[in-house]
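Residue numbers start from 1 in every chain, and the chains themselves are labelled A, B, ... in the order their sequence lines are given, proteins ahead of strands.
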Protein chains: 2
Amino acid sequence: MKGERTKQSILHRAVDLASLEGLEGVTIGRLAEDLGMSKSGLFAHFGSKEELQLATISAARDRFIDNVLRPAFEEAPGYPRLHAICRGWIDYVERKVFPGGCFFAAASFEFDGRPGPIRDAIQKIMDGWVESLEKSIIMARDEGHIRSDVDVKQLAFELNSLFFGANFAYELRTDRGALARAMRAIEDRLEAVRSSRTSPVAPRKTQIQRRRA
Amino acid sequence: MKGERTKQSILHRAVDLASLEGLEGVTIGRLAEDLGMSKSGLFAHFGSKEELQLATISAARDRFIDNVLRPAFEEAPGYPRLHAICRGWIDYVERKVFPGGCFFAAASFEFDGRPGPIRDAIQKIMDGWVESLEKSIIMARDEGHIRSDVDVKQLAFELNSLFFGANFAYELRTDRGALARAMRAIEDRLEAVRSSRTSPVAPRKTQIQRRRA
DNA sequence: CCTACCGATCGGTAGG
DNA sequence: CCTACCGATCGGTAGG
C-alpha cells in the first residue's frame with residue numbers, strides 16, 4: 001500500500017528525469033537523493049537497474065496513453081478520432097507532459113543502437129504506437145471519412161515523422177513556430193486524403209454524415 | 001603530425017561509438033581500451049571530457065558534410081541540388097555513414113534537455129543544417145524551379161521531419177521499407193511545389209530547361 | 001605517449 | 001525502509 005505509493009513517486013521522478021537527461025542518466029543514487037531516501041531503500045523496490053529502467057518505460061507509457069490516446073478515444077471513431085490523436089500529440093509537447101519533451105522520441109534515439117531488453121521494450125511500444133496510428137487511419141477509411149485507396153502505412157509514417165520533427169524543432173531549436181508548422185502539415189496531409197480524387201470538394205461532408213447516421 | 005593522425009583516429013572511433021551508444025556513452029576509458037592506448041595518453045589530446053565531446057561533434061559534422069552536402073553541391077543550384085540533398089540524406093542512412101544511424105538526430109534528442117556548451121554546439125549545427133535546407137529551397141525558388149509562393153520554412157521543416165522519421169523507423173523499428181516510404185513522401189512534397197497551381201502538368205519541365213539554358 | 005595514482009560515483013550486497 | 005559496505009569505472013592529475 002504505502003510501498004506502492006513510494007514506488008509510484010520514484011517512477012514519476014524517474015520518468016521526468018529520463019525525459020530530460022536520458023534513460024541511462026537515471027541513476028539510482030541521483031534518484032534516491034532527489035527523493036530524500038537511501039540508495040538501497042530505493043533499489044529494493046526494483047532489484048536491478050534494468051528492472052528500474054523497464055518500470056520507468058512502463059510508467060512513461062501509462063502517462064502517454066493517459067494524455068494522448070485516452071482523450072482521443074472519447075472522439076467518434078474515424079476522422080474525428082484520428083484528428084484528435086494528431087492534435088493531442090502536438091498539444092502534449094506544448095503542455096510539457098514530459099518536462100524534457102517526448103520520452104519515447106528521446107528513448108527511441110537513445111537505444112536504437114544498443115541491443116538488449118531495454119531496446120526491445122522501447123521498440124515494442126513504438127511498434128504498438130505506430131500500429132495504433134495505422135488502426136485509427138483504417139477506421140477512418142472504413143467509416144468512409146477518408147479515401148478508400150489511402151496508403152495506411154505511408155500516412156502513419158508521415159504523421160509520426162511530423163510529430164518527431166515537431167518535438168525536435170521545439171525542444172532543441174526552441175523554435176516556437178514548430179508546433180504550428182507541424183499542425184499545418186498534419187492538416188494538409190489529412191485534408192489530402194479526405195478529398196476524393198474525382199470530386200475534391202462537394203460530396204465529402206455528405207458522405208461522412210450519411211455513414212454516421 | 002603523428003599526433004594529429006592519432007587524434008583523428010580517436011575522433012573517428014568516438015564518432016562511431018557516439019552514434020551507437022550516445023555522446024555521453026563515449027568514455028575516455030572505453031575509447032582508450034578500444035584503441036589500445038592508455039587513458040591518460042588519450043586524455044592528453046583533449047584536456048577534458050567536454051573538449052573531447054566538442055571535438056567529436058565537430059568530426060561528425062565533417063563526416064556529414066563530406067557524405068551529404070558536398071556531393072549535393074556538385075549538382076546544379078536549384079531543384080537538382082535540393083533533390084540531391086534529400087536523396088543524399090536517405091542514402092546516408094542506408095549506407096550507414098554513422099554505424100548507429102544519424103549522429104545528429106541522436107545527439108539532438110540526447111542533449112535537448114541538458115543546458116550547456118554541448119547542447120549549444122549541437123543546436124548551432126542543427127540550426128545551420130536547417131538553414132542550409134532553407135537556402136537550397138530559396139535557390140530552387142529563385143531559379144524558377146519551384147513555385148514562387150513556396151513557404152520556405154514550412155517545406156524545410158517537413159523535409160527534415162521526414163529525414164528524422166526515416167532514421168527512427170529504419171534504426172529502431174528496423175523497418176526496411178522506411179527509406180522508400182520517406183523518399184516517396186519527399187518526392188510528393190517536392191512535386192507539389194514544382195507544379196504551378198493553374199497548370200499542374202505540362203509547362204514544368206520546359207520552364208526548368210529554359211532557365212537552365 | 002606512459003605508469004601510478006586521486007576522489008566521486010556507479011550498480012549492487014550484507015545484515016538488520 | 002536503513003547503515004555500511006563492495007569492486008568497477010568515471011573524469012582527471014602528477015610526474016615522467
- Message: What is the separation between atom CD1 on A/I10 and atom C1' on D/dC1, rounded to the nearest whole Å?
- Response: 10 Å
- Task: Any chance you could measure B/I146, atom CD1, to B/M139, atom CE, to the nearest 0.5 Å?
- Result: 11.5 Å
- Charged N to carboxylate O below 4.0 Å: is that the case for A/E171 and A/K96? yes
- Note on the structure: What one should report as the nearest heavy-atom pair of B/N167 and B/C102 is OD1-N, 2.9 Å
- Query: Checking all strands, does B/T27 fall into the base, sugar-phosphate, or nothing category for heavy-atom contacts under 4.0 angstrom?
  - Reply: sugar-phosphate
- Spacing between B/L31 atom CG and D/dC10 atom P, to the nearest angstrom: 11 Å
- Message: Could you tell me the Watson-Crick or G-U partner of C/dG16, where both distances fall under 3.5 Å? Say none if there is no partner.
- Response: D/dC1
- Query: Taking atom P of C/dG11 as reference, at what distance in whole Å does atom CD1 of A/I118 sit?
  - Reply: 12 Å
- Could you check how far CE of A/M37 sits from P of D/dT3, rounded to whole Å? 11 Å
- Rounded to the nearest Å, what distance is computed from the CZ atom of residue B/R5 to the C1' atom of nucleotide C/dC1? 14 Å
- Message: Nearest whole Å is fine: how far is C/dT9 P from A/E33 CD?
- Response: 8 Å
- Message: In whole Å, I'd like the distance from the CD atom of B/E24 to the C1' atom of D/dC10.
- Response: 11 Å
- To the nearest 0.5 Å, atom CG of B/D62 lies from atom CD1 of B/I57 at 12.5 Å
- Task: Kindly indicate whether a cation-pi arrangement holds for B/R194 with B/Y79, taking the cut-offs as under 6.0 Å to the six-membered ring centre and within 45° of the axis.
- Result: yes
- Query: Using 30° and 60° as the class limits, which term best fits the ring planes of A/F168 and B/F109: parallel, tilted or perpendicular?
  - Reply: tilted
- Query: Rounded to the nearest Å, what distance is computed from the CG atom of residue A/L35 to the C1' atom of nucleotide D/dC2?
  - Reply: 16 Å
Polar atom pairs between nucleotides 12-16 of chain D and protein, under 3.5 Å, N or O only, would you list them?
unit_1: D/dG12; atom_1: OP2; unit_2: B/K49; atom_2: N; d: 2.4

